[in-house]
**Student:** 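Structure provided below as structure tokens; questions to follow.
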Number of protein chains: 2
Amino acid sequence: MTSLHVAIADDHAVVRTGYRRLLELEPNVSVVAEFADCETAYTWLSANHADILILDLSMPGRGGLETLRRLKARVPTLKVLVFSMHGAPAMVSQAMQAGADGYLTKSSAPEALIAAVLDLGAGGHPLSAEAARALGEAGNDSQAPHQVLSPREFQVFTMLAQGLAVDEIAARLCVSAKTVANYQTAIRQKTGLSNALEMFRYARTHALLE
Amino acid sequence: MTSLHVAIADDHAVVRTGYRRLLELEPNVSVVAEFADCETAYTWLSANHADILILDLSMPGRGGLETLRRLKARVPTLKVLVFSMHGAPAMVSQAMQAGADGYLTKSSAPEALIAAVLDLGAGGHPLSAEAARALGEAGNDSQAPHQVLSPREFQVFTMLAQGLAVDEIAARLCVSAKTVANYQTAIRQKTGLSNALEMFRYARTHALLE
DNA sequence: TCTTCCATAGGAAAAATTCCCGACTTTTAT
DNA sequence: ATAAAAGTCGGGAATTTTTCCTATGGAAGA
């Protein structure tokens, strides 16, 4: 079996070196390139050959996801293993839709990285347990706010999620603060989001704001 | 010269292994322990000896900064090198005040980690360029949270900014909910941030979280 | 038409927040 | 070394916000 050519994209030099040393313990794996930003990675991989790219999504250059998309469009044969800090359902789901071939969280054991690379080389689609669970969750949002909330409630929800106070919302909608407070209570109960910050996060990850 | 005994605390196993391999290239350095969370680190270091702790502030177990403080109180001879994802001025300043002996950002070159460890062993206080610059800046922002807030207030601030409820914070800090509520009031007054969402946004744009 | 859902809001109770204060400890300055 | 200042912690009371329950009128649907 011929050796797997791996490229690493991560903005932290120390972390890159860590991966490299780890991977080079494996005889069938050789690290052929390292990148500190998305543009460099894209340019190099368009011109040179690698079998697998280990990609940290939280990179500068704005848009690891976007780079992933462009890269898969340009070099479809490249296998991309996303290696991210967090395993948020939305992130995993976004990454897989953008064309990732595997998803590992950084909390995985070191051996898991090697295993995932070998798995990818063999045509597999390695997911960490965390990522797999997240993918499962992503589909079932049957109780999304736009489903369970009435139009007016949803409108108040978006304003709360933007950080507006009850009084301000009441002023803008020209209704009593009492009414808005009551909506707020209903929204909290129906969605389980118990404060404005949770609403904000939910709204952001589900792209419910502008 | 006798060997430097180094301990590593970082919640990502892969990253820990990377540091270890890197450091073990140096003959005068030996890695004597690894920890994935703050409590384990604290317990072990209270009972065993190490010269240097490499500490990732963004660890679970609530409060890398708090652990740093406790650790320096318990084991003053221990040198702590904070190794953080980002070099936000506020974070650097808080870490140094909490007793860190050095501060490196993860974007540093791998050699910088080794150099910093050796420097620490020789009694130095290594700062990455980024961190040093941040320390300089920290003086300017005269009404930034880390300036106007006391350590405890700042701690509560970060938790509020993460969306934790007053009761949850009280439970984690083992103080009365009344106390936390009072801190919250003080924080709101001092910073002008009147709710958790504003605190979150502020904390995010100033990179004060994790 | 009759039922159901929605938008609106008042009242009362419960919970959270604010404001003021005191005790005690640690740090800082003189 | 001692005084002053700052920090931590929480109680009490007043205030504000939130919850829960209820009610009215309108619109949509069977």
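Note that the structure is a prediction, hence the values are computed from the model and not measured. In what follows, chains are A, B, ... by sequence order, proteins preceding strands, each numbered from 1. Heavy atoms only: backbone and side chains are in, while hydrogens, waters and symmetry mates are out.
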**Student:** Using whole Å, report how far CZ of B:R152 lies from P of D:dG7.
**Tutor:**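 Value for this atom pair: 14 Å.
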**Student:** If only atom types and distance count, is the side chain of B:D51 paired as donor or acceptor with the main-chain N or O of B:H5 below 3.5 Å?
**Tutor:**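 Flag set: sc B:D51 to bb B:H5 pair under 3.5 Å.
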**Student:** Take the angle between the ring planes of A:Y202 and A:F157 and call it parallel below 30°, perpendicular above 60°, tilted in between.
**Tutor:**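 Geometry flag for A:F157 against A:Y202: perpendicular rings.
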**Student:** With the side chain counted from C-beta on, respond yes when B:R21 and B:L25 share a heavy-atom pair under 4.5 Å apart, and no when they do not.
**Tutor:**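 The answer is no, as the side chains (C-beta and beyond) never meet within the 4.5 Å cut-off.
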**Student:** Below 3.5 Å, can you tabulate the donor-acceptor pairs from side chains in residues 168-177 of chain A to any protein atom, sequence neighbours excluded?
**Tutor:**
{"from": "A:E168", "atom 1": "OE1", "to": "A:A165", "atom 2": "N", "distance (Å)": "2.7"}
{"from": "A:S176", "atom 1": "OG", "to": "A:K178", "atom 2": "N", "distance (Å)": "2.8"}

**Student:** Please report how far the helix from C:dT1-D:dA30 to C:dT30-D:dA1 bends, comparing the axis fitted to its first five pairs with the axis fitted to its last five, to the nearest 10 degrees.
**Tutor:**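 Computed from the C1' atoms at both ends, the axes differ by 30°.
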**Student:** B:S46: which residues meet the side chain to side chain donor-acceptor pair (under 3.5 Å) condition with it, sequence neighbours left out?
**Tutor:**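 Side chain to side chain donor-acceptor pair (under 3.5 Å) check on B:S46 returns nothing, list empty.
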**Student:** To the nearest Å, give me how far apart CD1 (B:I169) and P (D:dC9) are.
**Tutor:**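 To the nearest whole Å, that distance equals 13 Å.
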**Student:** Could you tell me whether B:T179 contacts a base, only the sugar-phosphate backbone, or nothing, with contacts defined as non-hydrogen atoms closer than 4.0 Å?
**Tutor:**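 Here B:T179 touches the bases of the nucleic acid.
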**Student:** For a side chain to side chain contact (heavy atoms under 4.5 Å, CB included) with B:D56, tell me which candidate from B:V15, B:V82, B:D11 qualifies.
**Tutor:**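 Passing option: B:D11.
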**Student:** Parallel, tilted or perpendicular: which one describes the rings of A:F83 and A:Y19, with boundaries at 30° and 60°?
**Tutor:**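 Plane angle over 60°, so perpendicular.
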**Student:** Could you tell me which residues satisfy side chain to side chain donor-acceptor pair (under 3.5 Å) with A:E34, sequence neighbours excluded, listed by chain and number?
**Tutor:**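 Once residues adjacent in sequence are excluded, the partners of A:E34 under the side chain to side chain donor-acceptor pair (under 3.5 Å) criterion are A:R16, A:R20.
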**Student:** Tell me, do B:L118 and B:L4 make a side-chain contact under 4.5 Å, heavy atoms counted?
**Tutor:**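 The answer is yes, as the side chains (C-beta and beyond) meet within the 4.5 Å cut-off.
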**Student:** Sugar-phosphate atoms are those with a prime plus P, OP1 and OP2; base atoms are the rest. Using that split, label each nucleotide of nucleotides 16-23 of chain D B, S or - for protein heavy atoms under 4.0 Å, 5' to 3'.
**Tutor:** --SBB---
**Student:** Would you say the side chain of B:V6 lies within less than 4.5 Å of the side chain of B:I54, judging by non-hydrogen atoms?
**Tutor:**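 Answer yes - side chains close enough.
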**Student:** First and last nucleotide of DNA chain C touching chain B, 5' to 3', heavy-atom cut-off 4.0 Å?
**Tutor:**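 Contacts span C:dT17 to C:dC19, reading 5' to 3'.
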**Student:** To the nearest Å, give me how far apart OH (B:Y183) and C1' (D:dA6) are.
**Tutor:**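 Atom OH in B:Y183 sits about 11 Å away from atom C1' in D:dA6.
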